[in-house]
Amino acid sequence: YAVGPHSWKRFLFPPRQRLWSARRCDQGFEIAPTEAGVRAYVEMQNGLAPFELDRCFDLAIQRKRDGRVLGLLTLVRKAHRQGEIGYALGRAYRGQGYATEAAEASLAFAFRRLGLEEVVSFAVEANARSRAVMERIGMVHDPEFDFDHPSIDAGHQFARHAFYRIRRSDWERACGR
């Protein structure tokens with residue numbers, strides 16, 4: 001599984017729990033996190049030290065009113081005071097602001113608690129919704145770092161990924177700090 005455009009690692013996962021569900025769609029296949037899978041994954045990751053380099057800080061995205069798990073958000077602390085975020089929501093919860101709210105909270109945590117200077121993220125180039133979330137939270141597309149995902153066949157419609165970043169100073173300016 002990808003943790004950055006230039007560094008990769010595998011996550012351990014309980015073998016009987018499905019983190020993702022897949023279904024056929026117009027673009028091929030669409031994947032979405034399962035509630036049971038996210039719960040099991042976050043529980044398993046709880047024992048890891050989130051403040052170490054290249055360690056994942058995984059959070060379930062939960063709806064406030066009922067605690068229902070809607071998806072997963074991951075923050076990875078990288079070298080040089082840089083972090084990386086990624087998120088995925090179940091199909092039924094997309095387009096309702098949950099990803100934006102979770103991603104905004106992850107930036108606050110990354111900059112205020114972890115003291116990071118920059119946070120990056122990436123998405124399939126054609127994934128307009130995910131890219132819109134990054135833009136809503138103040139991230140800027142940096143086409144110089146766009147890349148073809150090494151786990152996806154070259155030329156596949158999901159191979160090309162758009163790279164985004166936000167610096168702490170820009171985030172603070174946008175927040176009025």
State, to 0.1 Å, how close L116 and F111 come at their nearest heavy-atom pair, and which atoms those are. O-CD2, 3.1 Å
Could you pull out the closest heavy-atom pair between A110 and V119, with the gap in Å? CB-CG2, 3.7 Å
Rounded to the nearest 0.5 angstrom, the CH2-CD1 distance for W171 and I166 is 8.5 Å
Distance, nearest 0.5 Å, that separates OH of Y98 from CD1 of I61: 11.0 Å
Do S130 and Y87 have side-chain N/O donor and acceptor atoms under 3.5 Å apart? yes
Determine whether R173 and C175 make a side-chain contact, defined as any pair of heavy atoms from C-beta on separated by less than 4.5 Å. no
Main chain of F158, side chain of H156: is a donor-acceptor contact present, judged purely on distance under 3.5 Å? yes
Lys/Arg N to Asp/Glu carboxylate O, E101 vs K64, below 4.0 Å: yes
Hey, does L75 have a side-chain heavy atom less than 4.5 Å from the side chain of F109? yes
Without hydrogens or angle criteria, can the side chains of Y93 and R63 be said to hold a donor-acceptor pair below 3.5 Å? no
When you measure from the side chain of S121 to the backbone of I85, do you find a donor-acceptor pair of N or O atoms at a distance under 3.5 Å? yes
Just how far is it from atom CZ of R94 to atom CG of L89, taken to the nearest 0.5 Å? 7.0 Å
Return the CE to CZ distance between M134 and R165, rounded to the nearest 0.5 Å. 13.0 Å
Please confirm whether the backbone N or O of E125 pairs with a side-chain atom of R131, one donor and one acceptor, at under 3.5 Å? yes
Please report the closest heavy-atom contact between D146 and A162, naming both atoms and the distance. OD1-CA, 3.2 Å
Side chains of Y164 and E135: does their closest heavy-atom pair fall under 4.5 Å? yes
Among all residues two or more places apart in sequence or in another chain, which pass the side chain to side chain contact (heavy atoms under 4.5 Å, CB included) test with E104? T100, I137
Can you confirm whether the side chains of H161 and N127 place a donor and an acceptor under 3.5 Å from each other? no
Which one of R81, K78, H80, Q82 satisfies the side chain to side chain donor-acceptor pair (under 3.5 Å) criterion with E118? Q82
Would you confirm whether the ring centroid of F122 sits within less than 6.0 angstrom of the ring centroid of F147? yes
